[in-house]
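Dumping the structure here so I can ask a few things about it.
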Protein chains: 2
Amino acid sequence: MLQPDHELDGFSRRRQIIDEATTLFLQRGYAGTSMSQLAKACGMQKASLYHHFPTKEALFVACATDGFDEAIAELAAIRADPTLDDDERFRRAIHAVYRINIDSACGRMAPLIAEVSRTIPAVARAFHDEFIMHQHVLMNGIIDDGIARGSFQAPERLGFEHMIFGPVVSLSLEREMFTTFDKFDTLRPIERIRTEHAELLLRLLHGADGGARGTAGRGRAGRAR
Amino acid sequence: MLQPDHELDGFSRRRQIIDEATTLFLQRGYAGTSMSQLAKACGMQKASLYHHFPTKEALFVACATDGFDEAIAELAAIRADPTLDDDERFRRAIHAVYRINIDSACGRMAPLIAEVSRTIPAVARAFHDEFIMHQHVLMNGIIDDGIARGSFQAPERLGFEHMIFGPVVSLSLEREMFTTFDKFDTLRPIERIRTEHAELLLRLLHGADGGARGTAGRGRAGRAR
DNA sequence: GGGGGCCGACCGACCGGTCGGTCTCCCGGT
DNA sequence: ACCGGGAGACCGACCGGTCGGTCGGCCCCC
């Protein structure tokens, strides 16, 4: 195992390289980022990078799989929080899913992983197993808990999952695609979309066209705002 | 103006180059595709490519903006079809949106455009204005028609739009990311997801938690299957 | 004095793009 | 009927530059 670096004055070179590389990868893509650019951004020589990572691929894998657990931690905490009623827990979970996939570095890696998935299949596998699936499992757990308590009605699970995560992932991709638009934030007002998205999903969970059956323990189930 | 090529025995070199390039770009990404590889795939010399396209960027723009209209034509036809009732029209529109964004070449371009959006902003702009927006407009038109006829209730429009297109776009991205998985089709059974997705959306359009108000002319509004 | 972190110089391969030149076909003049 | 030549499609060779990666050695802290 690698020891955690020399750590002179609280400064880990490996950490710095991963951070700078992540920034560059997100900005220019995998093939569009050269090791020389990265070395310059780190204030060192290219050869020195190869003391910390054997290849560019290995460096990318380190970037892409860095911080899975921290990114998802918030969602896990929300599921475990006993002070929330089911509706509010779901709202906060949606909130967290937006942050995880749109704000966090590893969430924004998705388009990059698509770019390299043919040449580095392992990173796609890890991303799926340790990032996407964990989110799905946590979210399904929150829904199952609500169903068990009678707050929610069971939706068609596959379609519903995709209606939870799909809009978030596509928003993340669109933000990458349209970063050069000066008005992207007004074009896609993320906060408002997120709120409406959560309320629409809740409406489905509350049993849509069959009317309200078994809605005990609904809590303050009305619309926010 | 460029005349439409010499067209000897019904074979357009420009067309061939665009088709081969699109295939390669989708397989290996923009930076990952070299003009030499493309020349070999076309059975010609690299220099000859530059008789048809001035730069690699111009070639990519030609690929990315090729076939917008054909891809969207189906959706436009569905909106204009007078023989459909509103529910069935919506179902077929969702179907078409899946085909447009997942099967057609220009729909699958989205991750690529994200890759090059910084270096070729024009292509992101064109993709947004002439592909994404046209789909949104058509889809909103179908919903508005249904509302005007009393078949649908107006949903929160922004959130609803994202619940229509988000899952499709994310499915397209996931298919790119996980092409190396041998079992992707069972992992994400597209047909079943699409059907459940459409039915859940229809449930929202039929006025979910407020109960059914103003549902005249609903037609056969029940669930398919 | 020994070892890890770092460096300048360098490698072969490949990149996007250009060059001069060849081949073929068409077309107008005679 | 023939010919000259212009134009477009195509090609082999080559350009400067950059890529990912390597090597031998220096420097500094233990």
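Below, chains carry the letters A, B, ... as their sequence lines are ordered, and counting in each starts from 1.
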Counting only side-chain heavy atoms from C-beta out, which of C:dG17, D:dG20, D:dC10 sits nearest to B:Ser48?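 Closest nucleotide among those given: D:dC10.
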Using a strict cut-off of less than 4.0 Å between a Lys/Arg side-chain nitrogen and an Asp/Glu carboxylate oxygen, indicate whether A:Glu199 and A:Arg194 qualify as a salt bridge.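 Between A:Arg194 and A:Glu199 there is no salt bridge, as every charged N stays at least 4.0 Å from the carboxylate O atoms.
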Between A:Gln45 (CD) and D:dT22 (P), how many Å, whole number?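 Interatomic distance, CD of A:Gln45 to P of D:dT22: 17 Å.
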Within this structure, what is the CZ-to-P distance between A:Arg14 and C:dG4, rounded to whole angstrom?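 One finds 17 Å between P of C:dG4 and CZ of A:Arg14, rounded.
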Without decimals, in angstroms, what is the distance between B:Lys46 NZ and D:dC15 P?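 After rounding, the reported distance stands at 13 Å.
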Do the ring centers of B:Phe181 and A:His128 come within less than 6.0 Å of each other?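 Centroid separation for B:Phe181 and A:His128: below 6.0 Å.
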Measure CZ/B:Phe53 against P/C:dG16 and give the value in whole Å, please.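 In whole Å, C:dG16 P and B:Phe53 CZ are 15 Å from each other.
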Shortest side-chain distance from B:Met35, nucleotide among C:dC7, C:dG16, C:dC6: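 Selected nucleotide (nearest to the side chain): C:dG16.
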Closest listed nucleotide, where the reference is the side chain of B:His51 and the choices are C:dG8, D:dC10, C:dG5: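 The listed nucleotide nearest to B:His51's side chain is D:dC10.
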Hey, which sits more toward the 5' end of DNA chain D by its nearest nucleotide, B:Gly43 or A:Pro54?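 The answer here is B:Gly43.
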Look at all strands and tell whether A:Ser34 reaches a base, only sugar-phosphate, or nothing, counting heavy atoms closer than 4.0 Å.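 Sugar-phosphate contact only - A:Ser34 comes under 4.0 Å of backbone atoms but never of a base.
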OH of B:Tyr50 versus P of D:dG12: gap in Å, rounded?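 Taking OH of B:Tyr50 and P of D:dG12, I get 17 Å after rounding.
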In whole Å, I'd like the distance from the CG atom of A:Leu38 to the C1' atom of D:dT18.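 Between C1' of D:dT18 and CG of A:Leu38: 16 Å.
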On the nucleotide C:dG16, are OP1 or OP2 found under 4.0 Å from the side-chain N or O atoms that B:Thr55 carries?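 Checking C:dG16 against B:Thr55, no side-chain N or O comes under 4.0 Å of OP1 or OP2.
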Side-chain N,O (B:Arg13) to OP1/OP2 (D:dC10) below 4.0 Å: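 Looking at the OP1 and OP2 atoms of D:dC10, one of them is under 4.0 Å from a side-chain N or O of B:Arg13.
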For B:Lys40 and D:dC11, give me the distance from atom NZ to atom P, rounded to whole Å.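 Rounded to whole Å, this separation is 14 Å.
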Taking 4.0 Å as the cut-off, does a side-chain nitrogen or oxygen of A:Ser36 come that near to OP1 or OP2 on D:dC19?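 Answer yes for this pair, as a side-chain N or O of A:Ser36 is under 4.0 Å from OP1 or OP2.
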Rounding to an integer number of Å, can you tell me how far A:Ile17 CD1 sits from C:dC6 C1'?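 So the CD1-C1' distance, A:Ile17 to C:dC6, works out to 11 Å.
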Over-ring placement of A:Lys56 relative to A:Tyr30, 6.0 Å and 45° cut-offs: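 Checked: cation-pi criterion met.
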So does B:Arg92 have more than 12 non-hydrogen atoms from other groups sitting under 6.0 Å from CZ?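 12 or below, so no.
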So does B:Glu161 pair up with A:Arg188, basic N to acidic O under 4.0 Å?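 No, this pair does not count.
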Hey, is the side chain of A:His52 poking within less than 4.0 Å of OP1 or OP2 on C:dC6, counting only N and O atoms?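 Affirmative; the distance criterion is met.
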To the side chain of B:Ala47, which of D:dC11, D:dG20, C:dC7 is closest?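 Nearest to the side chain of B:Ala47 among the choices is D:dC11.
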